[in-house]
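Beneath this line is the structure, given in structure tokens, with notes to follow.
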Amino acid sequence: MNCLIDTHVFIWFIMEPEKMSKKALDIIEDGENNIYISPISFWEIAIKNQSKKLDLGRIHVLHLPNIAEQYDFSILTPTPYDYVSISQIPMKENHHDPFDRMLIQQAIRNDLVLISKDEKFRQYEENGLQLMW
């Protein structure tokens with residue numbers, strides 16, 4: 001299975017795996033699955049860490065790409081079309097987060113199952129999002 005992990009899933013996996021569902025944890029730990037992380041997640045983490053909305057403890061934000069690689073996560077390489085095609089995802093009244101919308105679009109566009117606990121993502125299944133938690 002080819003999966004893209006949401007930003008909070010990456011943080012929980014490396015810092016607080018007890019917050020994850022057994023199903024999500026099993027999928028990520030199964031070596032048969034290809035797990036991707038988007039550079040958008042690194043950007044989101046860096047912004048939230050700098051603004052003090054996210055505490056990474058003893059983990060330095062600059063080490064996150066290396067940590068992802070240590071877990072054999074592949075870093076998704078977005079194309080310019082990934083960015084401009086975000087306009088193909090409808091704006092939902094209760095969901096305007098640009099980081100989330102980019103992850104949703106990347107998952108749809110690259111035929112990846114998005115692993116996320118975010119219930120707001122369910123509304124994008126009608127647009128082709130494959131979601132798992």
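Just so it is clear, the values below take in all heavy atoms, side chains as well, and ignore hydrogens, waters and symmetry mates.
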Look up atom CD in Glu16 and atom CD1 in Ile14, then write down how far apart they are to the nearest 0.5 Å. 10.0 Å

What do you reckon, are the aromatic ring centroids of Phe13 and Tyr71 less than 6.0 Å apart? yes

Report the residue from Ile5, Leu64, Ile45 that forms a side-chain contact (heavy atoms from CB on, under 4.5 Å) with Ile11. Ile45

Pairwise distance CD(Glu44) to OG1(Thr7) - rounded to 0.5 angstrom: 4.0 Å

If hydrophobic clusters are built by linking Ile, Leu, Val, Met, Phe, Trp and Tyr wherever their side-chain heavy atoms come under 4.5 Å apart, do Ile108 and Leu131 end up in the same one? yes

Main-chain N/O of Gln106 paired to Asp82 side chain as donor or acceptor, under 3.5 Å: no

Under the salt bridge (Lys or Arg N to Asp or Glu O under 4.0 Å) rule, collect the residues that match up with Glu69, sequence neighbours excluded. none

Side-chain heavy atoms under 4.5 angstrom apart, residues restricted to Ile, Leu, Val, Met, Phe, Trp, Tyr: same cluster for Val113 and Leu129? no

Indicate yes or no for a side-chain donor-acceptor contact from Ser116 to the backbone of Asp6 under 3.5 Å, with no hydrogens or angles considered. no

Group every Ile, Leu, Val, Met, Phe, Trp and Tyr by side-chain heavy-atom contacts under 4.5 Å, then state whether Leu112 and Phe99 land in the same group. yes

Heavy atoms, side chains only, cut-off 4.5 Å: are Asn110 and Leu76 in contact? yes

State the CD1-NE2 distance between Ile115 and His8, to the nearest 0.5 angstrom. 10.0 Å

Less than 4.5 Å apart, side chain to side chain, heavy atoms only: is that true for Asp100 and Lys120? no

Please step through side chain to side chain contact (heavy atoms under 4.5 Å, CB included) for the pair Met15 and Ile59, ending with a clear verdict. CA-CA 9 Å; Met15 295 182 70; Ile59 297 174; 3.8 Å; yes

For the atom pair OH (Tyr124) and CD1 (Ile89), what is the distance rounded to the nearest 0.5 Å? 7.5 Å

Has Asn33 got a side-chain atom pairing as donor or acceptor with Ile27's backbone, closer than 3.5 angstrom? yes

More than 12 heavy atoms of other residues, nucleotides or ligands under 6.0 Å from CD of Gln50: yes or no? no

Without swapping roles, check the side chain of Ser41 against the backbone of Ile37 for a donor-acceptor pair under 3.5 Å. no

Aromatic rings Phe10 and Phe42: how do their planes relate, parallel, tilted or perpendicular, breaks at 30° and 60°? perpendicular

Answer yes or no: is there an ion pair linking Asp97 with Arg101, defined by an N-O contact shorter than 4.0 Å? no

Inter-residue atom distance Met102.CE - Arg109.CZ, 0.5 Å rounding: 8.5 Å

Report yes if the side chains of Lys53 and Ile47 come closer than 4.5 Å at any heavy-atom pair, otherwise no. no

Taken to the nearest 0.5 Å, the spacing of Leu103 CG from Ile40 CD1 works out to 7.0 Å

Honestly curious: do Ile75 and Met1 fall in one hydrophobic cluster under the side-chain, below-4.5 Å linking rule? yes

Looking at Ser85, is its backbone amide N or carbonyl O close enough to the side chain of Gln88 to form a donor-acceptor pair, meaning the two atoms are under 3.5 Å apart? no

In the structure I gave you, are the side-chain heavy atoms of Leu4 and Ile35 within less than 4.5 Å of one another anywhere? no

Is there a chain of hydrophobic side chains (I, L, V, M, F, W, Y, each step under 4.5 Å between heavy atoms) that links Trp12 to Tyr36? no

Only counting residues at least two apart or in another chain, list the ones meeting salt bridge (Lys or Arg N to Asp or Glu O under 4.0 Å) with Glu32. none

